[in-house]
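Note on naming: letters A, B, ... go to the chains in the order of the sequence lines (proteins, then strands), and numbering restarts at 1 for each one.
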There are 2 protein chains.
Amino acid sequence: MNTLFDDSIADGEPDATQLILTDIQSGMFQPGAWLKQIDLEARYGRGRNEIRRALDRLAQKRIVEHVPNRGYHVYQADGKQADDIAEIRIMLETGIVPKVVANATAGDIRNLRALANRFESLILHGTVLELYEANLNFHRAFMQLSGNGELDSVIAELRQRTSSAPVSQWKTRARVEQSAREHHEMVDLLERRKPDKLKTLIENHIRQR
Amino acid sequence: MNTLFDDSIADGEPDATQLILTDIQSGMFQPGAWLKQIDLEARYGRGRNEIRRALDRLAQKRIVEHVPNRGYHVYQADGKQADDIAEIRIMLETGIVPKVVANATAGDIRNLRALANRFESLILHGTVLELYEANLNFHRAFMQLSGNGELDSVIAELRQRTSSAPVSQWKTRARVEQSAREHHEMVDLLERRKPDKLKTLIENHIRQR
DNA sequence: TTCTCATAAATTGGTACCAATTTTGGATCA
DNA sequence: TGATCCAAAATTGGTACCAATTTATGAGAA
């Protein structure tokens, strides 16, 4: 569950921002696609106002791009930006490793193992979006062991900024399976308290190589 | 100049978001203060709509807090949050030091020295806001030597999240003067290419101790 | 045919009004 | 005197309409 735009009161009425974002992340709206207000209105059954507010919020987060009087388009990050964002994620996710290693209890490690298993099992029977969410959940749970409550929102935002189409993140089946293996390896290294090896693994995991 | 909300077309008509943000940063609106829509409308001479959009944007960035049907209040971060954000800033600003050291030319160093001087001179003759901007400019110029174009927006957002009242950041005159000295010291260490000493200095500089 | 210009359609963006909710003030009753 | 409840005022939030801008369409001339 994506909690960055958690403005919904009950689960029966999710915010339009979240709906549009999900459609972008699922690949429904490709990078560069024109998000016409009337179409969104019809698609989600929401008023013009809510759609406009949602688009403005997504534009603030640089998930969509806004050109005055010409509408909103799904943002497409170029290679340089993707690399820069990966670099920032590496600094943060490796930077907190010492604290994670220090804080992780046996229960935490069991929980992480479960999340890694869930990701692995979804390779076969899950949708792309479910896979994306499961991956997010694993990394989130890992980060939260740092005890830094702000880190989550920062990294969540960074992720969204690149992976406008997270579909393209795991191009091949082999790559997804390697990600799953690396998740397990991360848990192993955490259990064996090897911060340095963990750091290099995370770096390679984020760089996808 | 704060460029996070750079939606203004000409300089004659700055976005209401920027105006409100500046008033928060200058201490005009203290943490916890109630931002009544009618008052803001009158204060900035803008329509209701623009005010509402501005408040929504600030709420998204967690600079103000929104309670449905009860309005917007200036967010007040507690001590834990401030510490968490400081920790993130330290990871990022020390993490890029190697790249900064590698990239910095003699011209870059002259430029940084000038910005450090500007901050120093504003201690006597500048307003709190000018001091805040000068400090921001120094740190920005430093970061941008890393070549990472995304880092700027990430850190700018982090800064805004804590320093709702940047006034309170430099409580005493002595503290401001120490900051100015540390800026110069940063430039010195950069010039002498001492990444490790630079890292510890930056850490202490952000922690303000 | 093809380019240009004028007209019409579509889309975005802003304004004004109205409904819903909350807060305030005061009157009534214990 | 103090608490409770009701009515009025204030505030927020949403909807509908209209203006501004852009894009599409088609007619006419080279």
Side-chain angles (χ1 to χ4, degrees), chain A residues 4-21 23-24 28-76 164, chain B residues 4-21 23-24 28-76 164:
Chain A
L4 234 210
F5 293 113
D6 201 3
D7 288 341
S8 54
I9 300 173
D11 203 46
E13 238 186 278
D15 191 291
T17 315
Q18 181 58 57
L19 292 172
I20 298 172
L21 179 62
D23 274 342
I24 291 174
M28 175 74 234
F29 299 134
Q30 292 288 316
W34 177 22
L35 301 175
K36 234 186 293 189
Q37 295 180 8
I38 295 182
D39 292 348
L40 300 177
E41 223 173 313
R43 181 175 177 83
Y44 306 115
R46 302 303 167 83
R48 180 62 144 281
N49 217 303
E50 188 176 342
I51 297 295
R52 279 200 329 217
R53 181 172 49 206
L55 288 171
D56 184 67
R57 287 179 179 176
L58 293 170
Q60 292 296 309
K61 297 201 181 298
R62 301 218 328 231
I63 291 161
V64 304
E65 200 181 2
H66 175 59
V67 181
N69 292 315
R70 293 183 66 186
Y72 297 81
H73 291 253
V74 177
Y75 190 77
Q76 30 192 347
S164 298
Chain B
L4 233 209
F5 292 113
D6 200 3
D7 288 343
S8 55
I9 300 172
D11 203 46
E13 239 187 276
D15 192 287
T17 315
Q18 181 59 56
L19 292 172
I20 298 172
L21 179 61
D23 274 342
I24 292 174
M28 176 73 234
F29 299 134
Q30 293 287 317
W34 179 23
L35 300 176
K36 235 186 291 188
Q37 296 180 8
I38 296 182
D39 293 347
L40 299 177
E41 223 173 314
R43 180 176 177 84
Y44 306 116
R46 302 303 168 85
R48 180 61 143 282
N49 218 300
E50 190 176 341
I51 297 295
R52 284 209 311 228
R53 180 171 51 206
L55 288 172
D56 185 66
R57 287 180 180 176
L58 293 170
Q60 291 297 307
K61 296 202 181 298
R62 304 223 325 238
I63 291 162
V64 304
E65 200 181 2
H66 175 60
V67 180
N69 291 317
R70 295 183 67 186
Y72 297 82
H73 291 253
V74 178
Y75 190 78
Q76 28 193 349
S164 298

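- In this structure, the CD atom of Glu41(A) is 13 Å from the P atom of dG13(C), given to the nearest Å.
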Subject >> Contact pattern, 5' to 3', of nucleotides 16-21 of chain D - B, S or - by protein heavy atom under 4.0 Å >> reply: -----S
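- If you take CG of Asp15(B) and P of dG13(C), they are 14 Å apart, rounded to a whole angstrom.
- By the salt bridge (Lys or Arg N to Asp or Glu O under 4.0 Å) test, Arg43(A) pairs with Asp23(A), sequence neighbours left out.
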I'd like a table of donor-acceptor pairs (distance under 3.5 Å, sequence neighbours excluded) in which one partner is a side-chain atom from residues 32-41 of chain B, with atom names and distances.
{"unit_1": "Gln37(B)", "atom_1": "OE1", "unit_2": "Arg48(B)", "atom_2": "NE", "d": "2.7"}
{"unit_1": "Glu41(B)", "atom_1": "OE1", "unit_2": "Arg48(B)", "atom_2": "NH1", "d": "3.3"}

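- Counting only distance, with no hydrogens or angles, the side chain of Glu50(B) and the backbone of Ala16(B) share a donor-acceptor pair below 3.5 Å.
- Where Arg70(A) and His66(B) meet DNA chain D, the nucleotide closest to each residue was compared, and His66(B) sits on the side nearer the 5' end.
- In this structure, Asp39(B) places its CG atom 13 Å from P of dA10(D), rounding to the nearest Å.
- Shortest non-hydrogen contact noted between His66(B) and Ala59(B) is CB-CB, 4.3 Å.
- Between Pro31(A) and Val74(A), the shortest heavy-atom contact is CA-CG1, 3.6 Å.
- Per the geometry, CD1 belonging to Ile51(B) stands 12 Å off P belonging to dT15(C), to the nearest Å.
- Straight-line distance from the NE2 atom of His73(A) to the C1' atom of dT11(C): 11 Å, rounded to whole Å.
- Among the nucleotides dT12(D), dT22(C), dG13(C), the one closest to the side chain of Trp34(B) is dT12(D).
- Looking at every heavy atom in both residues, Val64(A) comes nearest to Tyr72(A) through CG2-CD2, 4.0 Å.
- Listed pair Gln37(A) / dG13(C) meets the phosphate criterion, a side-chain N or O lying under 4.0 Å from OP1 or OP2.
- As a whole-Å value, the separation of Asp56(B) CG from dT12(D) P is 14 Å.
- In this structure, Arg53(A) places its CZ atom 18 Å from P of dT12(C), rounding to the nearest Å.
- Per the geometry, CD1 belonging to Ile38(A) stands 17 Å off P belonging to dT22(D), to the nearest Å.
- Residues Tyr44(B) and Ile51(B) come closest through the heavy atom pair CD1-CD1, 4.3 Å.
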